[in-house]
Amino acid sequence: MGDGGPSGQSSRAQLGVVVGAACSVLAGGTALLGWWTRETALITIAPGWPSMVPATALGLILAGLSLGLLGREGRPPPLRRLGLASAAAVVALGLASLAQYISGWDLGVDRLLFPARVDFPSKFPGRSSPNSALGFALIGAALLSLPMRTPRACRRAVGCVLVVVALALTALTGYLLGVGYFYGLPPLFPFTGMPFHAAIALLALSAGILAAQPDCGAFAVLTSSAPGGVLLRRLLPFVVIVPIVLGRLFLIGADRGAYPIDASFSLASAVTTLFLATVLWMSAARLNDLDEARRQAEEARAFLATLAHSSDDAVIGADLDGTIVSWNPAAERLFGHSAGEVIGRKASILYPPELAGEAEANFERLRRGERFEHFETATRARDGRNIDVEITVSAVASDAGRVAGFSAICRDIGRRKAMEAALERAHAAERRIRSQLEAIGAASAAVTEALASLPPSELGAVLEVIAHHAKGISGADYAAIGIAEAAGGPFDPWVQCGVDAEQVAQIRSPPRSVGILDAVAGGERPVRVDDVRAHADFLGFPPHHPPIEAFLGVPLRFHGRAVANLYLAKRPGRPPFDEDDERVVALLAERTCGAVETARLYRSEADERRRLQAVVEQMPEAALLVDAGGRLISCNRIALEYAIQREGERDPWGNEVLFDHRSPSGDPVDWPDRPMARALCRGEVVTGAEGLLWSPSERAFVPVLVNAAPVRSDDGEIQGAVAVFQDISALKEMERQRQEWTGVIAHDLRQPIQVIATASQLLRRRLGALAALDGEKQIGRIAGSVDRLRRMIDDLLDASRIEARQLTLDPCPVDLRAHLGEILERSAGATEGHAVRLEVQGDVPAVQADPGRLEQIVTNLLSNAARYGDPGRDIVVTVRAGADAAHIAVTNWGKGIAEAMLPHLFQRFSRAPGSTPGHARGVGLGLYITRGLVEAHGGSISVESTPGAATTFRFTVPFAAFAALPAAT
């Protein structure tokens, strides 16, 4: 058979379907890959051209999948249903995009894929262009019409496809002619347009849909072997391509300055192309119709001549009295009689005896000139079988116009009758399945409504809805559904339907997941038995259990995990469950398992929320939680004690509950600087920030310690913030008492020391030269102890002032070289046994410092170096100029300080390891005070030590040109 025959046409049509589907899937898949890998070259064909957005790519993939599944015969029903679902999704995608343009709403279609990378509008908008969206709606409608195979469906599909072809060809014309108005709508939507590869894919889809209906409409005309089809195949490429090429050539000439031309010429070229293609198509169709009519007329004459002999239907001729005069081979095959056996005999031999009267009545009607068309009756074959036939009987007129006989065409309709019976059974099954699906849909809707309308903790209510509908769908007498966390454990909750409340009360506790119940819970497939007592895992009924016989158990599995188990049963004597019951209940379980899992998660989340709320409510600190917009979500009991409500006043986030937050000095804190605002707006984590919070109950500001942090989602997005206010009034009172105690102790210690010092001096003056050598020694010891006690008291006072931030400084410009020299001379007693060297590296500008406090810093470091350095070793004081401060270092050589001890040296009451009270005098506040004095000057201090080698203390003092020290810190 040649290519022009039916087989060749069918092969070409199937190839067109495959190519169209493949092009669409390839174009959409390539674009999605580009979005996934952020490769712009896969999304946009050329710079400045519209890109293919994820929604358009998804529509092309779904349309290609639908065409591949619906465009070829012999697909299994599940695949055809998948194809219809994909086509419906394409229609929904196109209509949703158009609805967004028309209504201005954002339905979320633009962010189905890659929501973090698609924004609207932007350089790569997420919304399909209007012409692309219209194309998807029409393509989806055409795909939905493919399985119908009716003339009306064919016309609808062809109409949709032709509109899509017009849209795509217009877009391609715009690209080829450089006219953006053709593939986009710049005045209305300057950010979008039909992508070039989307236009190609839509043309491929249109060709595939036409190829899927080779005997319908446009494709039949195109593939016809008649003159019209040949003419169309030859001229169509030229009609489509030539005007576009000419238009492009005109534009090239205009671009090179050969002649002026505007966009109207391009539009005329595109319209001309579409018009010529339409006229060409209609002309070819008309030629095919005429040629077909001519061919049929010629064949009719030949057919009538050989009809009686070659017909597959039995053709019988009879005269007016019913005598058979002609008998074709098809009649021999149908009735089993040869022509010689029946010609000349009455036609009544072909009727069963019980229909002889009906046959005679029919002959009388024929003699009166009546005609029987498609008359169904029963005839008798030679072997005695009754044959269901469809008879068309016409009168045969003579040349004079009188009825001369009859011609009957008999067709065996036994197979058709069987098919009709099977079809009726199929229709009944379809009606039953449709009814079941509607019941499942109603059950799913009821479960969804129950899930949405009930509190999250009401899991049992959702299970009750499922059990009730499962009972009604399957015709069961009893239904139960339960959740068991582990094999052998009790079902909790356990919901029953159809069991009397009295029986439920008598049974008392819910069952456990054992026996046949566990076989359902632990399996992946339903368990259906006609008699539950015959099952191998049956363990018997508990007391007062209603009698049951037929049993059906279906697990509700979500992502491979059993979330609940549904059990159905019937009373003894009732028909057992069949496969349809099992299938429909399994489908119900599949539809509702997600709702059950959601309800379970809701209940777990609600329990966790209540526990967390209880913890927060019992916290001794005030806790606040706000959402991403700053709206107050929750605050505990303690926080409400600080809340202020003023009529008509709200905070910047719209909250009526206000908190008066001040700085430690009592100044109001601006909203952007409040810890909650810093955490919510800037993502900062605020820890240990001191402040004041107004307490309405105490009618005073309460000192608080504030901690705040942002609440982030899994992807790091700020979804809210939390703040905790800790009342530190007690700590502040303890601090005040400690400072007061330190001051009192220092004051009380100073008085007796002063008395001792005064008495010792008076005693020495009175004794004069008469004092014995031993008396002079003891008086010297008393004076030395008084000096040490005075220094210790001064250290305690300085430490107290540093902690209270009340240390007083009197800064002025100081010449370090001269001042340090004087300090070293006055510290000779503290560094006795060590040679002290001053090394000044280069010129060092004057520093801004309190001379007395600077001397205290250096003296403390020199004393520390002399105390812990090896006897007889030098102590070196080095000074050099930095960028904006003088760098001073005090170095000694000795045992050194262990690395683990270095971070603790500047803490209160800290001593170097191995020091003894007799060797290291003082209370351990020297380095602590030294650090406080350095930091009060705006500098910093550090220490470096190598065990067994040098130990160096380094500190900085700002130059007078850079310093701006306060009078007190």
Side-chain angles (χ1 to χ4, degrees), residues 1 5-6 151 215 289 291-424:
M1 182 177 290
D215 299 328
D289 291 341
D291 183 76
E292 182 66 18
R294 179 190 58 77
R295 186 180 59 81
Q296 289 179 356
E298 292 176 354
E299 292 178 351
R301 289 193 293 270
F303 177 77
L304 290 175
T306 58
L307 178 62
H309 186 77
S310 61
S311 175
D312 289 335
D313 296 330
V315 180
I316 303 171
D319 58 17
L320 287 177
D321 62 358
T323 302
I324 299 174
V325 296
S326 64
W327 188 266
N328 72 340
E332 293 182 3
R333 294 191 297 270
L334 178 62
F335 294 101
H337 298 284
S338 64
E341 293 175 342
V342 295
I343 292 179
R345 301 180 64 180
K346 296 293 184 178
S348 57
I349 65 172
L350 302 178
Y351 284 87
E354 61 272 16
L355 297 180
E358 178 184 342
E360 186 60 30
N362 290 336
F363 274 109
E364 288 297 328
R365 295 171 58 190
L366 289 171
R367 294 186 187 103
R368 294 194 299 268
E370 296 184 17
R371 174 183 172 88
F372 294 98
E373 291 187 1
H374 307 297
F375 173 71
E376 295 184 6
T377 186
T379 59
R380 177 65 59 88
R382 181 179 183 181
D383 56 6
R385 294 180 298 107
N386 284 344
I387 304 173
D388 292 322
V389 294
E390 180 183 79
I391 303 176
T392 298
V393 184
S394 303
V396 179
S398 64
D399 294 339
R402 295 190 300 270
V403 176
F406 314 102
S407 174
I409 300 176
C410 301
R411 177 174 298 172
D412 185 1
I413 61 173
R415 181 177 299 177
R416 194 191 75 186
K417 287 281 189 180
M419 292 177 62
E420 289 177 350
L423 184 61
E424 180 60 30

Closest non-hydrogen atom pair between [X] and [Y], with its separation:
X	Y	answer
V389	D412	CG1-CA, 4.4 Å
I324	I316	CG2-CG2, 4.1 Å
D319	V325	N-CG1, 4.2 Å

Should the pair F335 and W327 be assigned to parallel (<30°), tilted (30 to 60°) or perpendicular (>60°) ring geometry?
->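 Aromatic pair F335/W327 classed tilted.
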In chain order, what residues pass the side-chain contact (heavy atoms from CB on, under 4.5 Å) check against S326, with sequence neighbours excluded?
->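 Partners of S326 by the side-chain contact (heavy atoms from CB on, under 4.5 Å) criterion come out as none, since no residue qualifies.
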State which residues pass side-chain hydrogen bond (donor to acceptor under 3.5 Å, both in side chains) with N386; sequence neighbours excluded, sorted by chain then number.
->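 If we apply the side-chain hydrogen bond (donor to acceptor under 3.5 Å, both in side chains) test to N386, skipping adjacent residues, the hits are R380.
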E341: partners by salt bridge (charged side-chain N to carboxylate O under 4.0 Å, His left out), with sequence neighbours left out =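 Counting only residues at least two positions away or on another chain, E341 forms a salt bridge (charged side-chain N to carboxylate O under 4.0 Å, His left out) with R382.
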Kindly indicate whether the side chain of T323, heavy atoms from C-beta on, has any atom under 4.5 Å from the side chain of K346.
->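 Of all side-chain heavy-atom pairs linking K346 with T323, at least one is under 4.5 Å.
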